2 protein chains.
Amino acid sequence: MRDPLSRTFAALADPTRRAILAKLSEGEANVSELAEPFLDDMTLPAITKHLKVLESAGLISKGRKAQWRPCQLNGEPLREAVDWMEQYRSAWEDQLDRLGAYLKSKHKGARHGREK
Amino acid sequence: MRDPLSRTFAALADPTRRAILAKLSEGEANVSELAEPFLDDMTLPAITKHLKVLESAGLISKGRKAQWRPCQLNGEPLREAVDWMEQYRSAWEDQLDRLGAYLKSKHKGARHGREK
DNA sequence: CCTATATTACACCAATCGGTTAATTAACGG
DNA sequence: CCGTTAATTAACCGATTGGTGTAATATAGG
C-alpha cells in the first residue's frame, strides 16, 4: 500500500475522478447522480470503482440514506497535496521567472548570466 | 495518451519522483546525482524511467553537458496542477470548516457561526 | 585507439489500473 | 411478498506501471 500523498495524486490523475470531485465541490451527490454525465462512456461499476479510489484516498466519504450513498467532498487530502506543492513554489516560480526573462532576452538579444 | 493534467498528477503519484523534484528545487542536477539517494533501493535504469515520466509530464527538462544530462525543474505543470486545485479551494475549505466545527461541537456542544 | 564514466535502450516480469458483463445485495413502496 | 431502484461484488481482460538485468551508446581523456 502506498503513502497517502501518492494515493491522493494517483486519485487525481484521472479526468473522470477529477470531474467527480468538481461536481462534489458543488455539494453532496449520490452515486447515480455522479455517474450520470459519464454513462455514455462507461458503465456504473466503473464509476463505483472510481469512487472507491477516491474514497480510499480519503478524498470523499460515502454516507447512506436508504438505498442511496450520498457522497461528500473531503478537503483534507487536497490541502495536503497543495501543501506539498507550495513547499517548492518559490523554486518553480524562480524557474518560471528565468524562463520569462529568457524569452524576453531572445527578443532583445540581451545577456543573461546564470552561474552556480 | 492522457491529458496534461492527468500526466502531471500521475507523475507526482510516486514518492521517488516527488523526491527527485524536491531535489531539483534546490537546483540543477544530473542523472547520477539524482539517483544516488535511491541506489540502495533500485537500479539506475529505474531512475532513468522515473525521469522519463517526469520529463514527458513536462515537469523537468534535460540538457546535455558532455556525458551528463543536467536536469532542471520545470514549473509550469506544477502551477497548472495547483490552479486546478485552487479552483475548488473554497468548497473544500468549507468542508474542512464544517468538520472543524463538528469536532468542536462534540467537545463543547457549542454553537459556532461561519457563513460566507 | 582504448578505456572509463554517464546514461539509455531492450526485453522481460509481476502487479496495478480502468474497463467490461453478469450476478448479488439492500432498501423502498405498492 | 414482489417488483423496482441503487449500488456493489466478482471474475475477467488488455494496457500500463515499476521494477529487473544486460547490452548498447556517447563522450572525455590518456
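Naming convention: chains lettered A, B, ... in sequence-line order (proteins, then strands); numbering from 1 in each chain. Note that the structure is a prediction, hence the values are computed from the model and not measured. Just so it is clear, the values below take in all heavy atoms, side chains as well, and ignore hydrogens, waters and symmetry mates.
The shortest distance between side-chain heavy atoms of A:M85 and B:L12 falls below 4.5 Å. Looking at heavy atoms from C-beta onward, A:F9 lies in side-chain contact with B:R18 at the 4.5 angstrom threshold. Taking 4.5 Å as the limit, every side-chain heavy atom of B:R17 sits out of range of all side-chain heavy atoms of B:L59.
A donor-acceptor contact shorter than 3.5 Å is absent between the side chain of A:R2 and the backbone of A:T8.
Under 4.0 angstrom from either OP1 or OP2 of C:dC17 there lies at least one side-chain N or O belonging to A:R2. OP1 or OP2 of D:dA7 has at least one side-chain nitrogen or oxygen of A:S32 nearer than 4.0 Å. Regarding contacts with the backbone of C:dC17, every side-chain N or O of A:H50 stays at 4.0 angstrom or more from both OP1 and OP2.
Using a 4.0 Å cutoff on non-hydrogen atoms, no part of residues 35-43 of chain B comes near DNA chain C. Across residues 52-71 of chain A, A:K52, A:K62, A:Q67, A:W68, A:R69 each have a non-hydrogen atom less than 4.0 Å from an atom of DNA chain D (numbered order).
Here A:I47 lies out of heavy-atom contact (under 4.0 Å) with every strand. Looking at heavy-atom distances under 4.0 Å, A:T48 makes contact with a base.
In this structure, of D:dG19, D:dT8, C:dG18, it is D:dG19 that holds the atom nearest to the side chain of B:A46.
Atoms CG (B:L51) and C1' (C:dT7) sit 10 Å apart, rounded to a whole Å. Rounded to whole Å, atom P of D:dT27 lies 15 Å from atom CG of B:N30. Here the P atom of nucleotide D:dG18 and the CD1 atom of B:I20 are 12 Å apart, to the nearest Å. Going from atom NZ of A:K49 over to atom C1' of C:dT16 covers 10 Å, rounded to whole Å. Here the P atom of nucleotide D:dA6 and the CG atom of A:L44 are 10 Å apart, to the nearest Å. Summarising the geometry, the separation between CD on B:E28 and C1' on C:dA6 is reported as 16 Å, rounded to the nearest angstrom. Rounded to an integer number of Å, the gap from CG of B:D14 to C1' of D:dG19 is 11 Å. Between the CZ atom of A:R17 and the C1' atom of C:dG19 there is a distance of 12 Å, rounded to whole Å.
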Give the intermediate values and the outcome of side chain to side chain contact (heavy atoms under 4.5 Å, CB included) for residues B:L51 and B:R69. CA-CA 11 Å; B:L51 290 176; B:R69 300 295 125 90; over 6 Å; no
Evaluate the side chain to side chain contact (heavy atoms under 4.5 Å, CB included) criterion for residues B:Y88 and A:L21: first the C-alpha distance (whole Å), next the side-chain angles of each, then the deciding distance (0.1 Å), finally the verdict. CA-CA 9 Å; B:Y88 306 107; A:L21 292 178; over 6 Å; no
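Sequence neighbours left out, the pairs with a member in residues 46-60 of chain B that pass salt bridge (Lys or Arg N to Asp or Glu O under 4.0 Å) are B:E55-B:K62.
In this structure, CD in B:E86 is found 6.5 Å from CH2 in B:W92, a value given to the nearest 0.5 Å.
Under a hydrophobic-cluster definition in which Ile, Leu, Val, Met, Phe, Trp and Tyr are linked whenever side-chain heavy atoms come within less than 4.5 Å, directly or via other members, A:L73 and A:V82 are assigned to the same cluster.
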